[in-house]
Structure formats: C-alpha cells, structure tokens
Amino acid sequence: MKRANRLSRSRDFDAVYRQGRSVSSRFLVLYWFGQEEPAAPRFGLSVPKAVGNAVARNKLKRQLREVWHARLDRVPAGRDYVLIVRPGVAEAATANGFDWLGERVDEVLAMTQAAA
RNA sequence: GUCGCAGGCCGGGUGACCGCGGGCCUUCGGGCUCGAGGAAAGUCCGGACACCGAAGGGCAGGACGCUCCCGCGAGGGAGGCGGCGAAAGCCGACGGACAGUGGCACAGAAAACAGACCGCCGCCAGCGCAUCUCCGGAGACGCUGACGGUAAGGGUGAAACGGUGGGGUAAGAGCUCACCAGCGGCCCUGGCGACAGGACCGGCUCGCCAAACCCCGUCCGGUGCAAGGCGAACAGGCUCCGCUGACGCAGCCCGCCGAGGAGCCGGGUAGCCGCACAGAUGGAUGGUCACCCUCGACAGAAUCCGGCUUACAGGCCUGCUACGGAA
RNA sequence: GGCGCAUUCGUCUAGUGGCCUAGGACACCGCCCUCUCACGGCGGCGGCACGGGUUCGAAUCCCGUAUGCGCCU
C-alpha cells in the first residue's frame, strides 16, 4: 500500500475519531471522515493490545492491509478511514482463514453505504 | 535396551505469481541486493553513549558477602562446606550472634542468664504417735512451717544449659574419671586457598534469628535516547530574581564557581541528527497455489552491547549413573 | 520504549513474624420478626494472585512469575 493511501499523522487519526462517523460489527469498528481536499482514500489501522500478543497483532495488521489493498478501487474516495479491531478477531481469523477476514471488512463497508 | 542425569544444536523445506521496508543503479519501464529471535520477551543487573557544574568531599541511602582463577563490573569456571538422592547429579544471599540493641507466640517451673515452682537432702521449731523411761522426759516415724544445700528427675516445646557409664555425696552436680559430641588454643601433614585428616593442651559446655536493627569488608554521583544536539516559517510578547552572590548536583550539609538566570504563550513545536551491514517514526516479512516430511512450540527488533531470569511442540548429537541382556 | 507502584472473601477494605482457624461493612443463602415487603435480630457461605526460599513458625521478610494501574510524549 502506497504512502499516499495511508493515514500518517496522529492528528489525522484524532480528526477521524472526533469528527467522523462510525459503524461497527461484532469484530470490527470503522470510522470515516471526509477529507478537506478530496483525493484518494487513506487508511489507518488500530489493533489494541487486548486483541493478543505482538505476533498476533502484527499478523492481523498484515492480513488486513492485504484485504484493504485488494479493495482500494472499490472504496469511495475523498475520505479517511480508521479500522479498529475488536478482541476475539485473532482467534476467529486463524480458525476461519483469510477469506473470512475479507468478508468481515466487506460487511462494515456495506454498512457505510447504508449509513450514507 | 529401559529409566534417569548433564552439556550442546536445530526450530519446517523447496518452487511459482502478486505485494511490503531500506540501500544501490536506472534508458524512469524497471533491475539488483539485504530484511526478526534464541529467547527479539521480562526490564532483573552491568557497560557504552548523552546531559546535569570540572565529575569534588562528607553524611544519608542502596547492592553484594566461603576459596581460587578470568573479568572494570555484573557475572562465569573450578573447588570447599551444608542439604537432597541408590548413583550420575541437583540445590544453597554460605562474613560476624563474647561490639551493642532487640525478638523467641502457645505450652512449660524456667526461653537466654541465670534463676528455682514441684521434687530430693540437712538442720531447727510445733503437733501427732509406736516404743523406752529414774515419770522429769527421750523419741524411730509421719504432718506442717522457717532457714539452708542441690539441680539428677518433672505429661511441655521448634529449641531446655552436653550424652553414656563408674566413682563420689546428707542429697547432688564435670565435683572427679573413661569414652563420645561440641568449643577455644597451639602444632604436624596435604592443598595457592576455602578446607580436610591427625596429635597435644585448656576451661569443662558457651542456644536460635542478622532475607530483625546492626557491625565489618568491597562497590555505587544522579537521570535516562520520551537522554540529548541542531532548530524554523508567521512574529515576537509578558512577568520575576540577581555581585548583600542568583541560577547552579537533582535527598541533606560542606566546599567550589561567578553574571546572568527563572517562569509563561507561539514552540524547544514541525523537521533533521542521535539511528546501526535489518531498521521505521502510524511504525516494514504478507496473500494465493503446488509438492515433501517428523504437520511445525514459545514467540516480533525501536539507541547499542554483555549477562541473568522466564516461556518453548518436536527432533538430533555427545558424555555419564543404575538395572537387565549378549559376546 | 523508559521509569515507578500495587495485588487480602463477589465488592470496598483492616491486619506490630506467633494472639489468624485472617477481622469488619455491603452483597448472597437460611431461620426469626411481620398479614406481606422493607428495616431489625441470629446463623451460614466465602479470601491472603501463583511458585520457590529464610525461619521452629510467613498474609507479613527475600527472589522469581503473572495480572492491574500511574507518570514521562
């Protein structure tokens, strides 16, 4: 994922949290907020320590980046996104596989369409 | 061969396509190359490095504590001693309790320096009484009480003031003797040493706790890369202290220095350096497929290095103990 | 990443190395009181985070592990 497609400042995260909207499922929470000068979508990830140890968190982040990368052209542009992982995802992901993770992301993305 | 013990090692592999981070090259299409661990972990010890005043002194505080060797040190290796084990082997913060202070619950007479509740013994007094009698008394024995001696025995306790036996005594006691245990001194032998073995002498016995305060010896200044250095753009502004000594080593005191310093707002911010032969600053190793095997544990670098500790599927190698078998 | 602190019934907490079989309050359960509930009374259940060590003896002292919290940006 290119640098232009990533959230890179703590301020940007704060802006999305404070001023953006959010949807959530059993496993994920997705915030989004419109950019000041609409451009390509930017993406940020937050995996709390409660999810697991460092190895489990790193693995989840890599897989979720892969998932997001595959959906870049389908995601509405002009927005910043922050995806938060909720506890329990690591165990479910190892049990159900990579495709299952993709379905969970599609789930919350569909909810943003409904909310908009 | 089985069980056990010690030490060391590996920690899925190969290939294809699509991706990620750094570096180099580039004809800007891309190409080449490197890219997590033995513990990267816990942050328990050191050190490097950086700042605090030049890295000063004392107190306070902290860490460590058998011997030798290596090491600045933390620590490691080899040994001694003590404990566990049948053995190989494992475990141990292991200086000092006659420098001082303090503690040892319950139980028990008594818990640390000696003392004496019961008991035992002597003597005196009173009372009772067998017996004797010169009828005045004497009185074995028993009871009670005062005084004195003694510490052998006493349902305790984690621990009881050496143990066993002989002598000795009114009763007893290291009071004395023999052996044993322990303590101190001196000497001999072995060892660099801790220490081990032995001989002699002495007083006869001196409890445990210092991971209780403490004493002795050795060592340690503090803070930590969010340390610290450079440092914008807009755009500078305000308050206070100070040669009668400020600010300054941060717990305290001393000594020392000597002109600037402290606080607030933008801002000591952004960014760069620190920062690496992996190496970022939202933080790099993933996805899919195929084949093979023993179907893969614990687990992910954030300044670096060394040590300690903890976690770990399965497998391999070497040495050793015990038992069994074969030659 | 670095530094510091804490952990005792379900919850909040007491606890000079021995009076500890760890005390109290709230909660929970049973009984009594009441026409019933509440209040009140009596009784019960239930805990020293875990593993070692020092000591005759550890919730307490020491070491390690686990968990939680705070500060530095």
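Residue numbers start from 1 in every chain, and the chains themselves are labelled A, B, ... in the order their sequence lines are given, proteins ahead of strands.
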Between the CD atom in A:Gln113 and the CE atom in A:Met111, the distance rounded to the nearest 0.5 Å is 12.0 Å

Sorted by chain and number, sequence neighbours left out, side-chain contact (heavy atoms from CB on, under 4.5 Å) with A:Val29 holds for A:Ser24, A:Tyr31, A:Ile84, A:Arg86

Assigned chi class of B:G61 under the 90° convention is anti

To the nearest angstrom, the OH-P distance between A:Tyr31 and B:G282 comes to 21 Å

With syn defined as a glycosidic angle within 90 degrees of 0 and anti as anything else, the base of B:G324 is anti

A:Gln63 CD to B:U285 P, in whole Å, measures 12 Å

chi for B:G29 classified (syn = within 90 degrees of 0, anti otherwise) as syn

message: Please report the distance separating the P of B:A302 from the corresponding atom of B:A280, rounded so that it comes out in whole Å.
response: 14 Å

Could you pull out every donor-acceptor pair under 3.5 Å between side chains of residues 88-96 of chain A and any protein atom, sequence neighbours left out?
from    : atom 1 : to      : atom 2 : distance (Å)
A:Thr94 : OG1    : A:Ala90 : O      : 2.9
A:Thr94 : OG1    : A:Glu91 : O      : 2.9
A:Asn96 : ND2    : A:Ala92 : O      : 3.2

Here the distance between atom C1' of B:G282 and atom CZ of A:Arg57, to the nearest Å, is 14 Å

Fill in: Nearest-Å distance once atom P is located in both B:A299 and C:G1
16 Å

Applying the 3.5 Å cut-off to both distances, the Watson-Crick or G-U partner of B:U150 turns out to be B:G119

Look for any protein N or O under 3.5 Å of an N or O in nucleotides 299-304 of chain B and output each such pair with its distance, or none.
from   : atom 1 : to      : atom 2 : distance (Å)
B:G300 : OP2    : A:Ala54 : N      : 3.4
B:G300 : N7     : A:Asn58 : ND2    : 3.4
B:G300 : O6     : A:Arg62 : NH1    : 3.0

Here the distance between atom C1' of B:C289 and atom CD of A:Glu66, to the nearest Å, is 14 Å

* With rounding to whole Å, what would you report as the distance between B:C304 and B:C32 at their C1' atoms? -> 30 Å

Answer for the Watson-Crick or wobble partner of B:G172, both distances under 3.5 Å, is none

With rounding to the closest Å, how many angstrom separate the C1' atoms on B:C243 and B:G260? 11 Å

If the P atom of B:C24 is compared with that of B:G287, how far apart are they to the nearest Å? 30 Å

What interatomic distance, in whole Å, is found between C1' of B:A276 and the corresponding atom of B:G23? 13 Å

Margin query: Rounding to an integer number of angstrom, what distance separates B:A87 and B:C3 when you compare their C1' atoms?
Written below: 13 Å

Scanning all shown strands, the Watson-Crick or wobble mate of B:G79 with both distances under 3.5 Å is B:C66

The Watson-Crick or G-U wobble partner of B:A36, with both key distances under 3.5 Å, is none

dist A:Phe43:CZ -> A:His69:NE2 (nearest 0.5 Å) comes out at 12.5 Å

A:Lys49 NZ to C:U67 C1', in whole Å, measures 13 Å

Residue set satisfying side-chain hydrogen bond (donor to acceptor under 3.5 Å, both in side chains) with A:Asn58, at least two apart, ordered chain then number -> none

Checking N1-N3 plus N6-O4 or O6-N4 for Watson-Crick, or N1-O2 and O6-N3 for wobble, each under 3.5 Å, the partner of B:G271 is B:C230

Rounded to the nearest 0.5 Å, the CG atom of A:Leu101 sits from the CG atom of A:Leu28 at a distance of 7.5 Å

Paired to B:U288 by Watson-Crick or G-U wobble criteria (both distances under 3.5 Å) is B:A16

Base orientation of B:G174, chi within 90° of 0 counted as syn, else anti, reads syn

- For atom C1', what is the distance between B:G13 and B:C5, given to the nearest Å? 34 Å

Per the O4'-C1'-N9-C4 / O4'-C1'-N1-C2 angle with a 90° window around 0, B:C34 comes out anti

Contacts of A:Glu107 meeting side-chain hydrogen bond (donor to acceptor under 3.5 Å, both in side chains) (sequence neighbours excluded), chain-then-number -> A:Arg104

In whole angstroms, the gap separating P of B:G21 from NE2 of A:His69 amounts to 11 Å

One should read off an interatomic distance between A:Leu45 CG and A:Tyr81 OH, to the nearest 0.5 angstrom, of 14.5 Å

When A:Phe98 and A:Leu45 are each assigned the nearest nucleotide of RNA chain B, the 5'-most assignment goes to A:Leu45

By side-chain hydrogen bond (donor to acceptor under 3.5 Å, both in side chains), A:Arg57 pairs with (sequence neighbours left out) none

Taking a pair to mean Watson-Crick or G-U wobble geometry with both distances below 3.5 Å, B:A105 pairs with none

Under a 3.5 Å limit on both distances, the Watson-Crick or wobble mate of C:C69 is C:G4

Taken to the nearest whole Å, NZ/A:Lys61 to C1'/B:A280 is 12 Å

note: A:Leu60, atom CG; B:G282, atom P; distance rounded to Å ~ 21 Å

